[in-house]
Protein chains: 2
Amino acid sequence: MPSQNPFQLFESEKPRLVKKGEVLIKSGQKASEAFYVVKGCLRSYMVDAKGKEHIYQFAPEDWIISDLEFFKNKGVAFLTIDAVENSEVKSIPTSRIFNITAEDPALVQEAFNKFQNRVYALQQRVIQLLAYSAEERYQEFIKTYPNLSNRLPLKMIASYLGLTPESLSRVRKELVKGR
Amino acid sequence: MPSQNPFQLFESEKPRLVKKGEVLIKSGQKASEAFYVVKGCLRSYMVDAKGKEHIYQFAPEDWIISDLEFFKNKGVAFLTIDAVENSEVKSIPTSRIFNITAEDPALVQEAFNKFQNRVYALQQRVIQLLAYSAEERYQEFIKTYPNLSNRLPLKMIASYLGLTPESLSRVRKELVKGR
DNA sequence: CTTTTTACTTGATTTATGGTAAGAAATAAA
DNA sequence: TTTATTTCTTACCATAAATCAAGTAAAAAG
């Protein structure tokens, strides 16, 4: 969810420092915050029955990240959110995002744009998971997020793409050979 | 994108009849409409390089369906939308959805709810594609959309779940045996 | 109805990706 | 630095799902 200017909704909030690895929202927890990343990178993920992590989203600078399941799920977070790097974030209760109707129309417009971008990004993600091979998904990832692909450990990119680290390592090897 | 009451935005539109198989938006086409399904069922899908269809979304009664890529893609539709059954639909230009700021606050609130539901549904979909096996995805589908699973041909459900019809047929066979 | 087309099933085989394991490289900690 | 920990690579093998192929069932068209 990138934006030209920091989202107005977060403007008045004080940024907070979070250390690499620090957990901001824990799955099963009864809290719901949305985070705006000023600096660094957060991620959201779920852990399956076998203990394997599946990364749903990365949020580098200027992105917003939260767990929307909250509303559907009796106020219990479904995803875990933690910091991939030492970061600086602003936060608001998620509920505020859905209660801005009466406020500034510019804010409403801004929220619409965010939602539009978000739905668009998710559409891309679903299509890629449905229709693309491991190699195609990886190539698309580095094309779409060139900045992220050199900052993130391979195993996290693999998790985001629905692959094992071993498979992504092999894919990468093939790509190098191919040039 | 289900809703309690038909979305206000579509209220004043005249419903139009579409026949099973009729194409409403064609990939590559320079049109962008959002459809509200009064009766029947629509779907959106993309066709990959090998000619294989991948279904992104189904829209039965009371759902909204459109191609958001439009905005990002120089006004060219990425997905194709057609009718899975004889249907009755209302439509508006997609752009209207993003230009309702100045109008009725209730409308804005309604749009927020739709977006929230949509992002939530997409989150579920991504997580399932990342973390679930063929069998788990199918079971989740019939649990989440019990009504849809008996109306749709198996091959479309397979496409939606990212499977071949052969694989889904086998999954189904195993499930019957298991009981 | 009868015919034609499309959808579904099932078996045999292949393929892409996963799992295991061990070592190398890189990063973090001491 | 040196050591410890984590990440990445690579080889070998396993497996879920895809592909191919052929037949059956069901739906649409005549």
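Please read these numbers as outputs of a predicted model, since none were measured by experiment. To find a chain, count down the sequence lines: A is the first, B the second, and so on, and within it residues start at 1.
- For B/E174 and D/dA17, the CD to P distance is 12 Å, given to the nearest whole Å.
- No side-chain donor from either of A/S159 and A/E53 sits under 3.5 Å from a side-chain acceptor of the other.
- Seen from the ring of B/F35, B/K90 does not count as a face-on cation partner, given the 6.0 Å and 45° thresholds.
- Under a cutoff of 6.0 Å and an axis angle of 45°, A/R118 and A/F115 do not form a cation-pi pair.
- Note: CG (A/L154) to P (D/dT6) measures 17 Å, nearest angstrom.
- One interatomic measurement links the two molecules: NZ of A/K155 to P of D/dT9, which rounds to 14 Å at whole-angstrom precision.
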Completion exercise
Going 5' to 3' through nucleotides 11-30 of chain C and flagging B where a protein heavy-atom sits under 4.0 Å of the base, S where only the sugar-phosphate is that close, and - otherwise, we get BB----SBBB-------S--
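- Side-chain atoms of A/Y36 and A/D62 form a donor-acceptor pair, as typed in the model, at a separation below 3.5 Å.
- In summary, the aromatic rings of B/Y160 and B/Y56 are positioned with their centroids too far apart to meet the 6.0 Å limit.
- Using a 3.5 Å distance cut-off with no hydrogens or angles, the side chains of B/S133 and B/E136 do pair a donor with an acceptor.
- With rounding to whole Å, B/L129 atom CG is found 14 Å from D/dA17 atom C1'.
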